[in-house]
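See below for the structure under consideration.
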Amino acid sequence: MNLFADLRSAVVDALGRMTAEGLLPQGLDLSAVAVEPPRDASHGDMATNAAMVLAKPAGKNPREIADALAVKLLEDPRIQAADVAGPGFLNLRLAPALWQDVIRQVLSAGLDYGRSDLGQGLKVNVEFVSANPTGPMHVGHVRGAVVGDALSRLLAFSGHDVTREYYINDGGAQVDVLARSAFERYREANGLEPEIREGLYPGDYLIPVGEALKAKYGTSLLDQPESVWLADVREFATAEMMQMIREDLAQLGVEMDIYSSEKALYGTGEIEAAIEELRQAGLIYEGVLEPPKGKTLEDWEPREQMLFRSTAHGDDVDRPVQKSDGSWTYFAPDIAYHYNKVKRGFDQLIDIFGADHGGYVKRMKAAVSALSGGKVPLDIKLVQLVKLYKGGEPFKMSKRAGTFVTLRDVVEQAGADVTRFIMLTRKNDVSLDFDFDKVLEQSKDNPVFYVQYANARINSVLRKARDAGIAVDQATLAAADHGQLSHAAELAMLKKIAEWPRLVEIAARNNEPHRVAFYLYELASEFHGLWNRGNDELSLRFVQEDQATTQAKIALVQAVSVVICSGLAILGVTPVEEMR
RNA sequence: GGCCCCGUAGCUCAACGGAUAGAGCGUCCCCCUCCUAAGGGGAAGGUUGCAGGUUCAAGUCCUGCCGGGGUCGCCA
């Protein structure tokens with residue numbers, strides 16, 4: 001189903017025959033041999049670097065290898081031409097039938113076109129969002145949520161067994177602050193004046209929580225000391241916040257498989273067990289950290305604490321797991337949590353963090369490396385800042401929370417589909433500008449619109465053909481005479497479609513869902529170009545007098561639509577069939 | 001100061017180690033008797049921050065600088 005993979009096999013086979021005939025030495029490493037689309041279409045359909053890669057290990061001139069390889073490859077009826085070019089590229093031209101057959105493949109596979117078993121069922125855990133349960137999700141969380149979700153969909157599409165997981169930070173001091181803030185709203189619900197002291201959360205999203213507390217406890221907590229109510233209110237408020245966060249995520253179209261609680265790790269011995277595991281490995285010791293050089297901390301004083309020898313696994317300094325009062329730092333339960341993931345049998349872990357957690361990457365990788373015996377790779381994607389604009393001006397607004405723009409603000413204004421697509425038009429480690437006006441603009445300046453418009457045009461053509469009484473059902477289109485599609489513009493369209501499985505593979509291998517968004521833009525561009533050529537060359541229009549010709553052409557654009565829908569599904573974006 | 005990310009056309013950004021570094025915006029020219037012009041075609045625009053190195057091949061990998069951002073033990 002992946003033409004590029006098929007051709008690479010053909011190249012590898014040919015090299016094998018050359019080896020058998022003594023033209024190449026035994027035991028060559030072929031892993032660097034690639035078959036890829038040439039940047040310049042005039043170079044042919046596909047190019048392989050085999051001769052250049054193998055020249056040195058084989059002790060031969062690259063052109064010599066390329067010439068011999070060309071002879072072998074030309075025995076394959078699929079390959080019409082094989083020309084040596086440049087420093088030793090072998091440019092291949094394929095029989096048009098190979099490209100035309102892509103339509104049949106796409107139409108019979110439907111939305112599964114491009115799906116692969118690349119991951120071979122590997123169990124992958126993707127942890128993302130993991131926002132503190134102390135308030136509604138804000139813009140900063142949106143990008144992480146979208147990237148994590150799209151990456152999960154991409155990996156699942158590529159044959160991985162994906163688990164999406166949210167780690168609830170409900171074990172630290174911040175949830176006590178939440179409880180105190182909610183308690184003030186509880187007092188307010190009972191007619192008292194709330195005292196939102198400095199350091200408490202002022203957002204009015206806690207007002208309903210206060211009312212819910214009143215409904216549950218009446219006035220019974222009002223005169224009680226904090227020691228009496230703190231734990232209960234904390235639990236209650238945290239649950240309310242998590243409910244709100246789930247709703248926020250649902251608005252974005254994000255669904256988690258598992259919510260894991262930090263607090264649940266305390267008192268179970270899991271943290272102690274994880275630390276003990278590290279201690280057994282000689283990676284835990286009592287020590288005093290050096291103050292950071294070049295940065296002056298006024299209140300620095302040497303302090304003995306329990307440290308993790310993360311430097312043994314690639315970190316720059318060892319990291320504290322216990323505070324000086326003996327309680328755990330945030331890092332300790334996080335170690336236990338990642339240990340827990342390892343023990344659950346995941347083959348690979350992926351964390352999506354905000355860029356402000358950059359300093360956390362090395363120690364987390366060190367911990368996972370130590371606790372999995374180096375067997376479970378942890379990839380941490382840092383998602384950079386989103387800057388909001390409206391009409392080119394920096395945008396600051398808060399309907400609900402006072403000081404920040406919430407996820408709901410964004411989704412309500414821009415819509416989930418637009419938000420998701422735009423958030424994926426940058427790779428994760430570059431900051432992103434999000435302009436509320438721009439993302440809703442209906443022009444080619446806006447990639448979401450541009451891609452959706454292509455799909456809408458295709459559906460318009462389908463309607464047109466149907467109205468003309470032409471059968472355009474899937475089976476008919478798949479069986480149409482695709483051999484008619486021999487115009488260079490049509491073949492170019494086909495080649496773009498044929499790239500999709502390969503693109504998915506590259507994106508999945510690199511954990512880079514943004515590649516899908518860029519590909520869809522290119523695909524749409526190719527389509528709009530083809531559409532417009534119909535203005536000048538009537539033979540390139542999709543709806544023709546002749547029914548069989550029309551069906552072949554409709555089959556082509558239907559295949560484009562399928563790939564657009566397939567790609568949008570990975571991004572979690574709903575395709576539109578009509579612009580209004 | 002240490003660590004991490006970024007630096008590509010006037011602007012915003014692409015480019016699995018591959019050939020003559022590509023799109024959009026902006027500027028200039030052109031295309032609707034005709035499937036959605038909400039679109040398309042063309043022109044102009046580049047020493048990929050700087051200097052070395054590895055490689056048949058470097059925007060991409062390595063080292064050192066320069067510039068911007070983030071982060072750095074009792075926050076999570």
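The figures here come from the full heavy-atom set of this structure, side chains too, leaving out hydrogens, waters and symmetry mates.
Pro62(A) comes within 4.0 angstrom of no nucleic acid atom, judged by non-hydrogen atoms across all strands. Within 4.0 Å of Asp435(A), counting heavy atoms only, lies no atom of the nucleic acid at all. Residue contacts for Tyr450(A): at a heavy-atom cut-off of 4.0 Å it reaches the sugar-phosphate backbone alone, with no base atom in range. Within the nucleic acid shown, Ala355(A) comes within 4.0 Å of sugar-phosphate atoms alone, with no base atom in reach, counting heavy atoms only. Residue contacts for Ser327(A): at a heavy-atom cut-off of 4.0 Å it reaches no nucleic acid atom on any strand shown. Nucleic acid contact class of Ala47(A) (heavy atoms, under 4.0 Å, all strands): base. Using a 4.0 Å heavy-atom distance criterion, His357(A) is classed as a base contact. Residue Val53(A) is classed as a base contact, given a heavy-atom separation below 4.0 Å to a base. Using a 4.0 Å heavy-atom cutoff across all strands shown, Pro38(A) reaches at least one base atom of the nucleic acid. Residue contacts for Gln452(A): at a heavy-atom cut-off of 4.0 Å it reaches no nucleic acid atom on any strand shown. Among the protein residues, Ser324(A) comes within range of the nucleic acid bases, having at least one heavy atom under 4.0 Å from a base atom.
Between the CG atom of Asp318(A) and the C1' atom of C72(B) there is a distance of 15 Å, rounded to whole Å. If you take CZ of Phe518(A) and C1' of U12(B), they are 10 Å apart, rounded to a whole angstrom. One can place CD of Gln322(A) at 18 Å from P of G73(B), the figure rounded to the nearest angstrom. If you take CG of Asn446(A) and C1' of U12(B), they are 13 Å apart, rounded to a whole angstrom. Here the P atom of nucleotide C75(B) and the CD atom of Gln305(A) are 11 Å apart, to the nearest Å.
Distance CZ/Arg502(A) to CG/Leu3(A): 11.5 Å, rounded to 0.5 Å. Rounding to the nearest 0.5 Å gives a distance of 4.0 Å between CD1 of Ile458(A) and CZ of Phe527(A).
Aromatic ring centres of Phe436(A) and Phe395(A): separated by under 6.0 Å.
A donor-acceptor contact under 3.5 Å is not formed by the side chain of Asn49(A) with the base of A19(B). One cannot find a donor-acceptor pair under 3.5 Å joining the base of C16(B) and the side-chain atoms of Arg515(A).
Counting only N and O atoms by type, the side chains of Ser42(A) and Asp40(A) include a donor and acceptor under 3.5 Å apart. Using a 3.5 Å distance cut-off with no hydrogens or angles, the side chains of Glu165(A) and Tyr337(A) do pair a donor with an acceptor. Side chains of Asp351(A) and Tyr167(A): no donor on one and acceptor on the other come within 3.5 Å. Residues Asp325(A) and Ser327(A) have side chains that bring a donor and an acceptor to within less than 3.5 angstrom of each other. Looking only at atom types and distance, the side chain of Asp83(A) has no donor-acceptor partner in the side chain of Asn91(A) under 3.5 Å away.
Glycosidic conformation, C32(B): syn, with the torsion inside 90° of 0.
Taking the ring centre of Tyr285(A) as origin, the terminal cationic atom of Arg309(A) falls inside the region bounded by 6.0 Å and 45° from the ring axis.
Between Asp356(A) and Ala32(A), the residue anchored nearer the 5' end of RNA chain B, judged by the nucleotide with its closest heavy atom, is Ala32(A). Comparing Ser525(A) and Asn91(A) against RNA chain B, the residue whose closest nucleotide sits nearer the 5' end is Asn91(A).
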Any N/O pairs under 3.5 Å between the protein and nucleotides 4-10 of chain B? List them or say none.
from, atom 1, to, atom 2, distance (Å)
C5(B), O2', Asp429(A), O, 2.8

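Under the stacking criterion of a centre-to-centre distance below 5.5 angstrom and an interplanar angle below 30°, Tyr521(A) is not stacked against the six-membered ring of A23(B).
The side chain of Arg39(A) approaches G18(B) more closely than any other nucleotide in the set G18(B), U55(B), U12(B). For Tyr360(A), the side-chain atoms get nearest to A76(B) when compared with the rest of A76(B), A19(B), G18(B). The Lys56(A) side chain lies nearest to U55(B) when the options are U55(B), G18(B), U20(B). Side chain of Asp433(A), nearest nucleotide from A38(B), U12(B), A76(B): U12(B). The side chain of His528(A) has G39(B) as its nearest neighbour among U20(B), A19(B), G39(B).
OP1 or OP2 of A76(B) lies within a sub-4.0 Å distance of a side-chain N or O belonging to Lys323(A).
Residues Pro447(A) and Leu520(A) have side chains not in contact (no heavy-atom distance under 4.5 Å, counting atoms from C-beta outward).
Taking the six-membered ring where the residue is Trp, His138(A) and His141(A) present tilted rings, their angle falling between 30° and 60°.
The same atom, C1', is picked in A44(B) and in U71(B); the two are 43 Å apart, to the nearest Å. For the P atoms, the distance linking G64(B) with G1(B) amounts to 14 Å, nearest Å. G73(B) sits 24 Å from C5(B) when the C1' atoms are compared, rounded to a whole Å.
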Study note, to complete from the structure: Scoring nucleotides 25-36 of chain B by protein non-hydrogen atoms under 4.0 Å (B base, S sugar-phosphate only, - none) yields S--------BBB
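Counting non-hydrogen atoms of other residues, nucleotides and ligands closer than 6.0 Å to CD of Glu545(A) gives a total of 12 or fewer.
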